Amino acid sequence: MSLQVIVYKNQYQDSVRLMTISREAAKLDGVSKVLALLGTDSNKKVVADLGLCDAAVDAATASDLMICIEADNEAAAAAALAAVNDKLKSVSTAGAAEEAIKPATLEEAADQLDNANFAMISLPGPMAKLDCIAALERGLNVMLFSDNISIEDEVELKNKAIAHDLLLMGPDCGTAIIGGVPLALANVVRRGDIGIVAASGTGIQEVTSLIDRFGGGITHAVGVGGRDLRKQIGGLMMRFGIKKLAATEGNKTLLLLSKPGDPAVMNAVLDEARATGLRTVTCLLGGHADELNTEGITFVNNLEAAAFAALNQPVPALELPAEMHTRLKALSPKRQYMRGLFSGGTLCYETLILLDSIMDIESNVALRKELKLEAPCKGTKHCCVDLGEDEFTQGRPHPIIDTVLRGERLADDMRDPTVKVIMMDIVIGYGADRDPAGKFAAIINEIRATLPDGGPIIVAHVCGTDGAPQSMTEQEAKLRQAGVFLFPTNAQAARAAGEIVRYVS
Amino acid sequence: MKLCASHDGSGNFCIEPQPLDLGEENSPALRMLLSSILSGIGQALLFEAGKAIIPLPDLRLTVAGKAEGNTFTQEGLHIIIEVAGAQDTLEHLASAALAACFPKGALACPLHHIVIARSYAVSGISEHIALVNLGLEGFCNELKEQNVPTAQVDWRPPAGGDKELIDILCRLHNPEVDEANAETIRRMKESRPLWTDVQPAIKAIPGMQTNHILHSGPPIDFYDMCDPQQRAVEAAAIFEGWVADRDGLEAKLKSGDIVLANNYSFGSIGAMCGVISPSMPVLVTENAAFGTKSWSTFNEGKGNVIWMGTYDKGTIERLCWMRDVFGPIMGRAIRAREEGLDIFKLIAQGVLMGDEVHARSAACTLLLLREMLPLFLKSDESKETINKVTEFIAGNNHSFLSFTLTACKAAAEAAHGVKHSTIVTAMSRNGVDFGLRIGGLDEWFIAPTAPMDEAIYYSGYGPEDAAGDIGDSAIVETMGLGGMVIGGAPSISSFVGGGMANSRRAMHEMQRICASNNPKFAPGAVDFTPAPLGIDLRKVMRLGVTPIVDTGVLHKASGVGQIGTGIARAPMDVFAKALRGFGTAL
């Protein structure tokens, strides 16, 4: 047991600082009490109450420092005193270096940028609305990647955006290209004179990639979220997007893209488009123009037709390469089915539309109820699976971002002796896996070596451009080396798959 | 005649309970027209004469015309449609809708309609992008790779992710609230509280009764009070000569001979236990800009003092001396001045000299002495009295605290009561409950005080010994001083971890939850960063950061008084309650 007091003359310290120092020193092992006090009368009384009165304490003044230490032994007491001395010497208990303070709100982040004009929001849906409002009030256009936003909130946010002359792209908007900058999952696409407003993320990916591949270019591609043409939303952002593009320099052609929505809403959208005086191509995937006023508008119902109509070029004819015939002849006659493994929802949908008239394809996004596949979505006949649907993305990254799940399905389907053709989309660009072709090629090579007839024919389409970090040309080359047949459009790959299924040797 | 109907954006119309020209509102013609509008034009607009639902935001229809009986006169009828949308589309829609509702000849008078489209210039899409990213950081990194200017937000769920609260925050995120808050803050900044007088509490505080003992914090029953506040009440009753001890006090409280009330019920304000009894002298402070007033007792200093909830014989003697000598001298001195003492002006100097005026008022106390000494010396008071009075002021670094409290209270009172304001106008604690008042709402919101675990304790004591956070003095933080400007007082930087880097960080965090700042209080120690001002309920809830309040800590039971000092946190619960209160009010 050690009880002692040390007095430092002329060592005035702030009392709060002394309290902190005492508290720190008292934390040491074997130390029960540390009091660092100035020698005021009331403090001297405290020291006296501890039974520590001596001449030095008696003589202490308010500018002297008294340090009382109660400890189990001399060593612990010495350690406590050393700690007090250390603390007294240190200029500040905080580190000298001040770390940069990260912005905690959208407004603070916007303050850090010169002329901030966009907010990308990929927060959990139910919590995203407040920041959407904050962005719009701050004058930022919003790209709302989040899903799980209610219809009411979508209407409210879109009205607010329009009132502020701002875009609200989304909710659940995965792709947009503004001023040549790909936002979220998008490609670097050549600039040109086609302006796009679309309610489909991979739809934008495909049409912009085709426009780029076939020599055209775009001004901007505005995403509006998949529900915009529903009755309750009334095409608010599609109509406003058209107005925005009409007010933007450099547009000659307007390309509108969506799944079919409410016909009356679509008519309002078409009115808006006609009012711009721009050449307009409207693509309703799998839709028809029966109830629509398409006067002066080019109407199409698949992505390939949309891209070529916008380019003002004829759709290239499908040619099956000679090697494919050789492969087909070598295939086991047991092989008769098609399997589509998609990462892009719209690409899966386009495939179903194009092949619906020639075969029944089961799918988790089937066109007809009787063909609907439930999780885990493993069909036994023809089937196309959109691996980007909710049942596959709960707690797992989207297949465009992470190739693992699709790789497993690819291996399974290759080993299935009844499968004749496998179709895949390889969606590249920013936000996507940095080498999907390399990963699939490795799987294909490994499994093909084990199959006597070389396994099913694999057809694929790389959706992307050479401006993408992965490079379309390089991705195609890797797949071609693995014996994959490549097509310049998703539609051609789909038609090729159809031809392969129908081929009888 | 004028009628308004509005559309809530979801297909429902409602008649506005506002400017109706009385006398004619029951006119049958008007009713007929109104029902036509509600069932006709509105729907027609929505359905574009029978086609699609086109949701329109904030649609407002005004019908203006002259009617006699059930016929409109020849002057015609104006239907004014104000709506958010593009002008050309709306004109087209309105024409179609009106034609559908009022076929030719249906009205006995000409029909005029005007469409007012608000703010609908549509600009082109920008070639330049500078993007704020919230959520997946990968998006930000990929844009950086392409040399696009981006900033990632270190986001946290607003209101702890509570859906109901987030909804209210969404509704409060609008310019109307911003304007109300700006007005609240204007009043705070333009306030000019002057210390003008000293009077016995019973004479100065309107409504105070001769049997009242006032206390800090929300209203509370004696038996629910924390121990130190009970002791302070006891001391006040003894000082008044009403009782001799606790038993006497309890008997008189029971009989109603002594009545407890909280300071906020009367406009007075008190530090820590905050007890004010009728014969205690109080300083009178008047806000020269807005006429609001506040009152507080003088600070007693250290040791056995009732503001710290502890007393002995000497304490009562000191209170008597303050009543008989100190208070009257201070009163005579200040009344002799041409104008009262400008308290914020003095605080502005004090903040430059190392005070944050809540835990540290050393500089302000000196500045007060500088103001008082000439007044004392010019007076007829005896040298001995002047000596005692100046010694009393000089011997207590908290002498100025009461002045600060009354000034902040008089300013906050002027700022309170702006409809829609989400700015905090009072925070007040009694050791058990924390009371919060918001500028746009009249009710108080109450929640238990937060644990005192961020404070610094005297050796041998810890959070388990502490009474709850106590005192009306959080009015200091309400007015952008104290914890809000902690960087102004380097000597207490250890309250927030020690060192100026931490003090700056704490101030930055407080600025995040405030709507404005006050260049009048700009401490040199932090490069003259202006003090954060106007705690915004919306920001507190959005960021999950509550104000820090500089304070002392009292022992919960032993009667030793102060056992520590440091910061207390306002409890999050009370802010959540206040936000819900706004939800109800909306």
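Treat the numbers as computed from the prediction; the structure is a model and nothing was measured. Just so it is clear: chains get the letters A, B, ... in the order the sequence lines come, proteins before strands, and each one is counted from 1.
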If we only count heavy atoms from C-beta on, is the [X] to [Y] side-chain gap below 4.5 Å?
X: A:R23; Y: B:I456; answer: yes
X: B:W155; Y: A:D131; answer: yes
X: B:L143; Y: A:Y430; answer: no
X: B:Q146; Y: A:P182; answer: yes
X: B:L134; Y: A:M120; answer: no
X: B:E127; Y: A:R191; answer: yes

Under 4.5 Å from any heavy atom of chain B, what part of [X] do you find: side chain, backbone, both or neither?
X: A:L183; value: side chain
X: A:L166; value: neither
X: A:V34; value: backbone
X: A:A134; value: both

Which one of [options] has the most heavy-atom pairs closer than 4.5 Å to chain A?
options: B:R156, B:K163, B:E145; answer: B:E145
options: B:V545, B:T150, B:D178; answer: B:T150
options: B:C140, B:C170, B:G135; answer: B:C170

Contact winner vs chain B - [options], heavy-atom pairs under 4.5 Å:
options: A:P103, A:P126, A:S22; answer: A:P103
options: A:K102, A:E152, A:M127, A:K33; answer: A:M127
options: A:C132, A:G195, A:G179, A:A104; answer: A:A104
options: A:V222, A:I178, A:T219; answer: A:I178
options: A:T248, A:L123, A:L130; answer: A:L123

Check: [Y] main-chain N/O paired with [X] side-chain donor or acceptor under 3.5 Å:
X: B:S494; Y: A:T20; result: no
X: B:S459; Y: A:L35; result: no
X: A:K244; Y: B:S123; result: yes

Q | Salt bridge present between B:R538 and A:E107 (N-O < 4.0 angstrom) | A |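 Salt bridge between B:R538 and A:E107, a charged N being under 4.0 Å from a carboxylate O: no.
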Q. Using a heavy-atom distance cut-off of less than 4.5 Å, which residues of residues 135-144 of chain A contact chain B?
A.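 Hits under 4.5 Å: A:E137, A:L140.
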Q: Write out, in numerical order, the residues from residues 108-119 of chain A with a heavy atom short of 4.5 Å from a heavy atom in chain B.
A: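 Heavy-atom contacts from residues 108-119 of chain A to chain B are A:E108, A:A109, A:A110, A:Q112, A:L113, A:D114, A:N115, A:A116, A:N117, A:F118, A:A119.
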Q) Can you list the residues that meet the side-chain contact (heavy atoms from CB on, under 4.5 Å) rule with A:L292, with sequence neighbours excluded? A)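 Checked A:L292 against side-chain contact (heavy atoms from CB on, under 4.5 Å); matches are A:P263, A:M266, A:N267, A:L270, A:L284, A:T294, A:F299.
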Q. Can you tell me if A:T105 and B:K539 form a side-chain donor-acceptor pair at under 3.5 Å?
A.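 No.
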Q: Check whether B:H508 gets within reach of chain A through its side chain, its backbone, both or neither, counting any heavy atom under 4.5 Å.
A: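 Interface part for B:H508: side chain.
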Q. Where does B:L543 contact chain A at under 4.5 Å (heavy atoms): side chain, backbone, both or neither?
A.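 B:L543 touches chain A through side-chain heavy atoms alone.
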Q | ring-ring contact (aromatic ring centres under 6.0 Å, His included) against B:Y457, all qualifying residues, sequence neighbours excluded | A |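 Not a single residue meets the ring-ring contact (aromatic ring centres under 6.0 Å, His included) criterion with B:Y457.
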